[in-house]
Amino acid sequence: MSTDSDDGTNASSTDTTDDSGGGHCSTADSDGEVAEEIAVITFERKLDTATEIVEGIGDRYESIDVIEYHGDVFAEHWGEYDCFVGLMASGIAMRKTAPLLDDKWDDPAIVVVDEELTWAIPITGGHHGANQVADDLATLGAVPAMTTASEAADKQGVEKQAKALSAHVVNGDSTVATNLAVLDDELGPVERLDGPRAVIVDDDVTVLKRNLDDGIVLGTGSVSGANEGRFLEAWDRALDEIDRDWGDVEFVATATRKADEEGLLAAAATRDVGVVVFDKETLLEFEGPTPSKAKELIGWPGVAEASAIAGGADHELVTEKTSYESEVTVAVGQ
């Protein structure tokens with residue numbers, strides 16, 4: 001199963017293993033794929049721009065601090081943040097941080113941005129938070145200058161897949177091989193295995209572990225052309241009805257025939273969640289209890305319930321499907 005926060009891709013049927021794995025930097029469950037605690041390092045004369053950054057993207061992170069630049073500022077705060085945003089020339093940031101770099105899974109990500117917010121340039125840790133922060137800075141007008149191979153080719157590296165799936169990479173060294181496979185279009189769907197189970201893998205197999213023990217999946221069907229607002233309204237109402245919020249959502253699940261539904265993808269991007277799409281055979285395996293006209297007409301089971309069950313860690317249905325405005329159906333799985 002693979003996914004992205006604004007792009008649906010294929011999924012296989014069963015669930016994820018329960019391997020152990022710790023986090024790096026200050027984010028307990030990210031294993032370095034995401035940035036949650038940010039420091040903007042800035043010269044005093046650029047404080048207005050730093051304030052603009054905080055006001056523009058600060059609500060997307062657990063914390064975002066502004067720290068005035070001095071010669072040892074990076075060394076002084078190394079390891080305290082997931083990502084440094086250097087409001088300075090790239091050469092300064094490179095010279096001051098290069099002696100501190102040790103391992104890409106442990107080192108904080110570094111992005112530099114100019115005072116006019118023209119460019120956002122990930123220097124290190126592109127797959128470990130820097131690309132994410134550069135993407136967010138793009139909402140302020142900066143052009144994200146990403147040089148990681150998968151992003152440069154407009155493809156989805158496994159670290160980005162992990163983030164969208166509310167999971168983290170357990171064996172980081174494997175991502176060199178798997179991201180090369182992504183680049184060459186040779187990496188298949190992420191396999192999901194039900195546990196308890198022991199799994200033996202080679203060095204070129206990347207293992208992802210769920211971040212949430214009791215997360216939920218929003219199984220979603222729709223009529224063609226439903227707009228972003230309809231999906232957002234339907235999802236929000238479904239969560240309200242079971243007294244859960246977006247922090248509990250692992251991802252949105254649907255069918256491969258809905259993979260290009262623009263309203264769904266836009267709504268998922270707005271909520272910053274991944275979209276997982278299941279093929280017909282998988283959905284038939286996890287068919288829900290509510291009869292569906294689609295089964296009679298085109299041979300597909302009801303998408304909302306089947307995808308909610310298929311996507312949930314326990315393959316259980318929390319709520320049966322509900323139709324919203326006769327355009328979007330939502331079922332909740334876990």
Side-chain angles (χ1 to χ4, degrees), residues 1-4 8-18 161 164-167 188-197 208-223 226 231 234-259 261 264-265 267-268 271 273-324 327-334:
M1 173 178 56
S2 60
T3 181
D4 191 5
T9 52
N10 290 332
S12 62
S13 59
T14 53
D15 202 4
T16 185
T17 58
D18 188 16
Q161 294 180 28
L165 287 167
S166 295
V190 177
E191 300 293 334
R192 305 180 63 208
L193 302 177
D194 286 316
R197 180 177 302 197
L208 310 183
K209 183 179 182 297
R210 288 180 184 261
N211 290 337
L212 301 175
D213 292 330
D214 59 350
I216 57 175
V217 173
L218 299 180
T220 304
S222 70
V223 300
F231 286 99
W235 293 339
D236 289 343
R237 287 174 60 185
L239 291 173
D240 286 343
E241 288 169 5
I242 59 173
D243 196 26
R244 302 290 285 267
D245 58 37
W246 281 99
D248 300 317
V249 177
E250 293 192 77
F251 48 80
V252 171
T254 190
T256 51
R257 63 191 184 91
K258 294 293 180 182
E261 196 69 50
L264 186 153
L265 298 177
R271 289 290 183 262
V273 294
V275 177
V276 174
V277 297
F278 292 100
D279 59 27
K280 182 178 178 179
E281 290 72 22
T282 298
L283 295 183
L284 286 169
E285 179 183 351
F286 293 100
E287 187 171 1
T290 305
S292 171
K293 292 182 180 179
K295 183 71 174 294
E296 300 175 10
L297 296 174
I298 58 175
W300 284 75
V303 169
E305 290 182 352
S307 59
I309 297 169
D314 298 323
H315 301 307
E316 295 179 354
L317 196 61
V318 177
T319 62
E320 295 184 3
K321 71 176 182 181
T322 301
S323 178
Y324 298 90
E327 293 187 46
V328 177
T329 57
V330 181
V332 180
Q334 67 179 11

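No hydrogens, no waters, no symmetry mates; every other heavy atom, side chains included, goes into these values.
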Restricting to non-hydrogen atoms, name the atom on [X] and the atom on [Y] that form the minimum distance, rounded to 0.1 Å.
| X | Y | value |
| --- | --- | --- |
| I309 | H315 | O-ND1, 3.0 Å |
| L265 | A259 | CD1-O, 3.5 Å |
| F231 | A226 | CE1-O, 3.4 Å |
| A268 | W235 | N-CZ3, 3.7 Å |
| D236 | R271 | OD2-NH2, 2.8 Å |
| F286 | A310 | CD1-CB, 3.6 Å |

Note, [X] side chain near [Y] side chain (heavy atom, < 4.5 Å):
| X | Y | answer |
| --- | --- | --- |
| T256 | L283 | no |
| T254 | V277 | yes |
| Q334 | D248 | no |
| L218 | V332 | yes |
| T329 | V303 | no |

Please lay out, stage by stage, how I216 and I242 fare under the test side chain to side chain contact (heavy atoms under 4.5 Å, CB included).
CA-CA 11 Å; I216 57 175; I242 59 173; 4.0 Å; yes
W300 six-ring face occupied by R257 cation (under 6.0 Å, within 45°)
yes
Can you measure from [atom1] ([X]) to [atom2] ([Y]) and round to the nearest 0.5 angstrom?
| X | Y | atom1 | atom2 | answer |
| --- | --- | --- | --- | --- |
| R237 | T322 | CZ | OG1 | 8.5 Å |
| E281 | L284 | CD | CG | 7.0 Å |
| K258 | L264 | NZ | CG | 9.0 Å |

With sequence neighbours left out, the residues meeting side-chain hydrogen bond (donor to acceptor under 3.5 Å, both in side chains) with S307 are none
Heavy-atom count check: over 12 atoms from other residues, nucleotides or ligands less than 6.0 Å from D243 CG?
no
How would you list, by chain and number, every residue that makes a side-chain contact (heavy atoms from CB on, under 4.5 Å) with A331, sequence neighbours excluded?
A304, E305, A308, L317, K321
